[in-house]
Amino acid sequence: MKVNRLFNDHQVLSFELFPPRQRTSDEDYRRIDETISAVSALAPDFVSVTLHTGVQDQRRLTLALADRIQHQYGLPAVAHLPAAQLTTAEVDDLLDAFKANGIENILALRGDLPAGGRVARDFPHASDLIRHIHEYSDFNVIAACYPETHPEALSPEADLRHLKEKVAAGAAQLISQLFFDNHVFYDFVARARAVGITVPIEAGIMPVLSQHQIDRMARTSGVSLPEKFLSMMDHYAGRPEAMRDAGIAYAIDQIVDLMVHGVDGIHLYTMDNPTVARRIVEATRALVRQ
């Protein structure tokens with residue numbers, strides 16, 4: 001199923017899983033299975049799977065997990081395809097594998113640039129990859145967007161121009177980077193619509209569970225942390241369980257507000273944590289229009 005069609009019927013709810021970076025063990029599968037089971041009761045519209053590009057075995061693990069989601073759980077799988085470290089031949093091999101496994105949806109990304117630079121320069125931008133995917137076969141292609149502007153963009157206006165190029169290349173829907181201030185997202189959507197971007201835009205939500213996550217995001221992601229969020233996390237610093245619960249509560253509050261304001265969809269970064277997924281599912285079950 002091409003998941004872009006679902007936006008015509010209801011507000012879409014989706015989840016993201018992160019396969020282990022090492023060879024998958026029975027314990028890894030148990031944890032992932034628990035996470036999928038925790039969200040399946042809400043009948044998510046799709047589940048996306050991050051692709052680790054560095055080692056061939058890790059690519060196979062991602063494909064195996066996407067296949068597991070789609071055929072064992074009956075949920076549409078979206079496979080990530082970050083091209084900064086892939087040649088055209090490697091991309092085509094992966095596209096063949098996706099097609100052979102019945103995976104029709106791809107999240108096309110440039111991907112993070114490692115400290116040592118690109119391994120391949122076949123796809124300088126995500127729009128180049130999107131165009132190539134459509135020339136290669138008939139996939140539903142999803143792209144990323146950045147409510148607070150991509151860290152490498154020269155300006156918010158330039159970032160929107162690049163986003164419009166992705167849509168023109170064939171991106172049929174967008175998933176946003178995480179954010180913690182819904183007004184930032186609403187402003188971004190309004191600006192995107194004003195420049196002619198009409199495809200559905202899902203809001204990416206990540207529950208923050210630890211001080212380590214907060215510190216890492218402040219250093220690397222460029223995501224702003226509003227005063228309300230910082231005050232809450234400050235209050236529960238040194239109390240890991242309380243901080244986890246506060247992070248879940250904050251994410252639920254974001255989701256409720258977004259749904260009420262008519263967001264096209266919610267994309268939840270689960271961090272492969274079944275407890276978090278289950279808590280959010282239970283709190284938002286009645287909000288989703290089925």
Side-chain angles (χ1 to χ4, degrees), residues 2-4 14 16-24 28 32 46-70 76-146 150-153 159 162-178 202 204 220-221 267 269 272:
K2 293 180 178 177
V3 298
N4 62 307
S14 58
E16 183 158 317
L17 297 180
F18 300 82
R21 290 185 178 273
Q22 305 299 324
R23 185 176 296 278
T24 304
D28 292 322
I32 292 169
F46 66 85
V47 178
S48 71
V49 185
T50 300
L51 176 68
H52 299 316
T53 59
V55 179
Q56 189 66 37
D57 277 353
Q58 293 174 346
R59 299 179 202 172
R60 286 196 290 267
L61 290 175
T62 299
L63 287 167
L65 180 55
D67 183 73
R68 191 180 182 94
I69 289 166
Q70 196 149 282
V78 171
H80 290 207
L81 190 57
Q85 298 299 302
L86 298 171
T87 65
T88 300
E90 288 172 323
V91 166
D92 291 349
D93 285 345
L94 284 165
L95 293 175
D96 282 340
F98 296 154
K99 194 170 184 178
N101 284 275
I103 296 168
E104 298 182 272
N105 304 282
I106 297 173
L107 177 56
L109 308 161
R110 186 201 67 179
D112 294 333
L113 297 179
R118 290 175 178 263
V119 171
R121 298 182 178 274
D122 294 3
F123 304 101
H125 306 289
S127 56
D128 301 310
L129 175 61
I130 293 167
R131 197 172 294 109
H132 178 78
I133 292 170
H134 278 300
E135 291 171 351
Y136 194 84
S137 191
D138 183 27
F139 289 97
N140 172 52
V141 183
I142 305 165
C145 60
Y146 298 81
H150 191 285
E152 297 176 30
D159 195 37
H162 293 314
L163 184 60
K164 194 170 181 179
E165 288 173 9
K166 294 182 192 180
V167 174
Q173 64 190 91
L174 303 171
I175 295 176
S176 88
Q177 171 66 283
L178 62 95
E202 273 194 279
T220 64
S221 70
H267 188 68
Y269 300 103
D272 295 346

Side chains of I69 and L17 in contact at under 4.5 Å (non-hydrogen atoms): yes
Do the side chains of D96 and Y136 get nearer than 4.5 Å, heavy atoms only? yes
Could you go through H162 and E152, starting from their C-alpha distance and side-chain angles, then the distance that decides it, and tell me whether this counts as side-chain contact (heavy atoms from CB on, under 4.5 Å)? CA-CA 11 Å; H162 293 314; E152 297 176 30; over 6 Å; no
Measuring from atom CD of E135 to atom CD1 of I130, what distance do you get when rounded to the nearest 0.5 angstrom? 12.0 Å
Using side-chain heavy atoms (C-beta onward) and a distance below 4.5 Å, is E202 in contact with S14? yes
Taking every heavy atom of K99 against every heavy atom of S137, the minimum-distance pair comes out as NZ-OG, 3.0 Å
Do L81 and L95 have side chains that approach each other closer than 4.5 Å (heavy atoms only, starting at C-beta)? yes
Could you list the residues that satisfy salt bridge (Lys or Arg N to Asp or Glu O under 4.0 Å) with K2, not counting sequence neighbours? D138
What distance separates L63 CG from N101 CG, expressed to the nearest 0.5 Å? 6.5 Å
Under 3.5 Å, side-chain donor or acceptor atoms of residues 168-177 against the rest of the protein: list the pairs with distances, not counting sequence neighbours.
unit_1 : atom_1 : unit_2 : atom_2 : d
Q173   : OE1    : N4     : N      : 3.2
Q173   : OE1    : N140   : ND2    : 3.1
S176   : OG     : G204   : N      : 2.8

Pairwise side-chain contact, V49 with L107, heavy-atom cut-off 4.5 Å (strictly under): no
May I ask you to test the E16-H267 pair for a side-chain heavy-atom distance under 4.5 Å? yes
Between L163 and A144, what is the shortest heavy-atom contact and its length? CD1-O, 3.7 Å
Counterpart residues, ring-ring contact (aromatic ring centres under 6.0 Å, His included), relative to H80 (two or more places apart): none
Looking at A153 and D159, what are the two nearest heavy atoms and their distance? CB-CB, 3.8 Å
Nearest heavy-atom contact between V78 and F46 is CG2-CD1, 3.4 Å
Any chance the side chains of K166 and S127 put a donor and an acceptor closer than 3.5 Å? no
Does F139 reach the side chain of N105, with side-chain heavy atoms less than 4.5 Å apart? no
The reported gap from CG in D67 to CZ in F98 (rounded to nearest 0.5 angstrom) is 11.5 Å
So, D122 versus H132: side-chain donor-acceptor pair below 3.5 Å or not? no
Do D128 and H125 have side chains that approach each other closer than 4.5 Å (heavy atoms only, starting at C-beta)? yes
